[in-house]
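A short worksheet on the structure shown next.
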Amino acid sequence: MYPVDLPAVDDSDLTSASEQYLSSLESRARANEVFQASQTSEVAITANNVRRLQLFEDDQPDCSLLALHPPDDPTQVLALYLHDKWWCVADVLRTSSPSRTGLMLAQSIVERVIVFLLSQVVDRLPEEEVLFSQHPRTESCKLLWRDSQAVGFYTVKHKGSLCDSWSSQAYLLPVLDTVLVRASWRRRGCGLHMLEDFCNSFSTEEFMGVSSPLSPGTVAVCRKFLQQNEDYQERLYEVEAPGGWSQRRNIWLNIKLGFNEESGPTSGETQRNEKQSNNCRPEPTSFNICDVNTLPATGSSEEQIKPCDPSQGGSSPSSKTSGTGCSPAAHADELDRGPPTRPAKLNTKQALMLQPSLSTEPCREKPDSEETQERIKRVRRT
C-alpha cells in the first residue's frame, strides 16, 4: 500500500510527527540512518539534508512535512516523511486501489500533498523556477488518476469565492484556475478530459471562465473542446479576476480571429499589445476585440459594437485590469445582478464583417470651381 491508501491523518498530526522526527535528528538520537534512493545509491539522513515544506499558501495554522534532499542540492526532493517512514516521491504519487481512477476530488491531506508535489516538485529541472504558486487550503481541486498513479490535476475558483485574502472582491463566475499534466502524460487527452469535466460540473451556469493568460497548450485544448461542443462557444471566456464583463474575452471568438495563436506572443509583444489596447485606437486592418467581447451595461446593439473613441473618455478593458489579482473596476455586489444588456449574438463571420475597410489610396482633391479649371488650362498653354 502507498501513503494515499493508508488511514487518513489530519494536518496537525502530520505537522507534529514532522517536528518530533526533526527534533530527534537534531539531538542525534537517530544516528547512521540512511535512505535507499536507488538500487545502487544511499543517502544519509541528517539534520543538514532534511527540510520542512510548507504545503499551503499563507497557511494558518501551520501545515508542513519533511523532505529529504541530496546533501549538495537542497532544491531536489528525494523522499517525504509520511506515516512515520520515508517514501520516495514516485511512491507518494502511486495508489494500490483499483477504484482510484479518473478524476477524483482531493480531500485528504495526503491527496493535498500529491497536488503539492505535482505543482512544485515533479518534472522540475534543477535551478528552474516554480511555475505555480502554492494553492490555498480551501481551494477546490481534482486529481487525475491513470494506471494507478496521479498524472495531473485542476483547480477551480467557485463563483462567490474571494479572489484574495486582502480585499472583498469575489469571483462572478466559476473559473478553471490551474491545469497541470505531467510531462510523460501530455498529448494523451488528459487536458481535454479535465476541461470537459470542469464544463460539465458547471453546466447550469450561463458563463464559465478559464484564468488568463492562456498558454499555447491551453489554447489548443480549448479549440478542440469548442469544436466538439459548439454550445459552449458563447459561454467559455478567458477571465481575469474577479471576472466582470470588462475582464472577459470570448475564447472561441479570439481563436477564430487569430488573437490566441498557438505559438503565443513573447512577453515584450504582450506588453506592446497591452499598450496599444490601452490607447483604444483601432487600426484600419485590425478588428478591435473590445467591440465584441466587452459587453457594456447599457446602450443599443449599434452603440455596443462601435469602436472606442478617446475623445469620449472611453478605455479598453485591459486598461482597467491589473493583470493579476482583482481589479478595482469590478464590484462584489455584481454577484446579485444579472448579466448586463448584451448585443445581438454575432457569429464569427458577422464579427469579421465588422472589420473596418479603409482604402489605402491617397485622396485626390478635385477642383471646386470653373475658375480654378480655367487657370489650370492657361498655365498649360503657356
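Keep in mind the model is a prediction, meaning the values are calculated, not measured. For this chain, numbers begin at 1 and follow the sequence in order.
- Among all heavy-atom pairs drawn from Ser119 and Phe153, the shortest one is CB-CZ, 3.8 Å.
- Rounding to the nearest 0.5 Å places CG of Asp177 at 10.0 Å from CZ of Phe198.
- Between Tyr81 and Val50 the shortest side-chain heavy-atom distance does not fall below 4.5 Å.
- The minimum heavy-atom distance linking Leu68 with Ala44 is given by the pair CD1-O, 4.3 Å.
- Ring geometry for Phe225 versus Tyr232: interplanar angle of 30 to 60°, hence tilted.
- Shown here are the side chain to side chain contact (heavy atoms under 4.5 Å, CB included) partners of Gln36, two or more places apart in sequence or in another chain: Glu42.
- Expressed to the nearest 0.5 Å, how far CG of Leu65 lies from CG of Leu22 amounts to 12.0 Å.
- Looking at Ser97 and Thr95, their side chains never bring a donor and an acceptor atom within 3.5 Å of each other.
- Residues Leu195 and Val179 form no side-chain contact, since every pair of their non-hydrogen atoms from C-beta on lies 4.5 Å or further apart.
- Residues passing the side chain to side chain donor-acceptor pair (under 3.5 Å) test with Arg52 are Asp62, Ser64, sequence neighbours excluded.
- Annotation for His83 and Pro3: closest pair NE2-O, 3.7 Å, computed over non-hydrogen atoms.
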request  = Could you walk me through whether Thr46 and Asn49 pass the side chain to side chain donor-acceptor pair (under 3.5 Å) test, one step at a time?
outcome  = CA-CA 6 Å; Thr46 66; Asn49 63 339; 3.0 Å; yes

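- Applying the side chain to side chain contact (heavy atoms under 4.5 Å, CB included) test between Leu236 and each of Asn250, Leu176, Val210, Asn229 identifies Val210 as the sole match.
- Partners of Gln228 according to the side chain to side chain contact (heavy atoms under 4.5 Å, CB included) rule, which considers only residues two or more places apart in sequence or in another chain, are Leu192, Glu196, Lys224.
- Side-chain contact check for Arg182 versus Arg146: every heavy-atom pair is 4.5 Å or farther apart.
- For Ser96, the side chain to side chain contact (heavy atoms under 4.5 Å, CB included) partners two or more places apart in sequence, or in a different chain, are Met1, Tyr2, Asp5.
- Within the 3.5 Å criterion, the main-chain N or O of Val239 finds no donor-acceptor partner in the side chain of Arg248.
- Contact record, Glu205 with Arg235: O-NH2, 2.5 Å, taken as the closest heavy-atom pair.
- Residues satisfying the side chain to side chain contact (heavy atoms under 4.5 Å, CB included) test with Arg186, not counting sequence neighbours, are Val181, Ala183.
- For Leu53 against Ala67, the heavy-atom pair with the smallest separation is CD1-CB, 3.5 Å.
- Partners of Asp197 by side chain to side chain donor-acceptor pair (under 3.5 Å), not counting sequence neighbours, listed by chain and number: Lys142, Tyr154.
- At least one side-chain heavy atom of Trp145 sits less than 4.5 Å from a side-chain heavy atom of Ile114.
- Side chain of Thr155 to main chain of Thr178: a donor-acceptor pair is present (N/O by atom type, distance under 3.5 Å, no hydrogens or angles).
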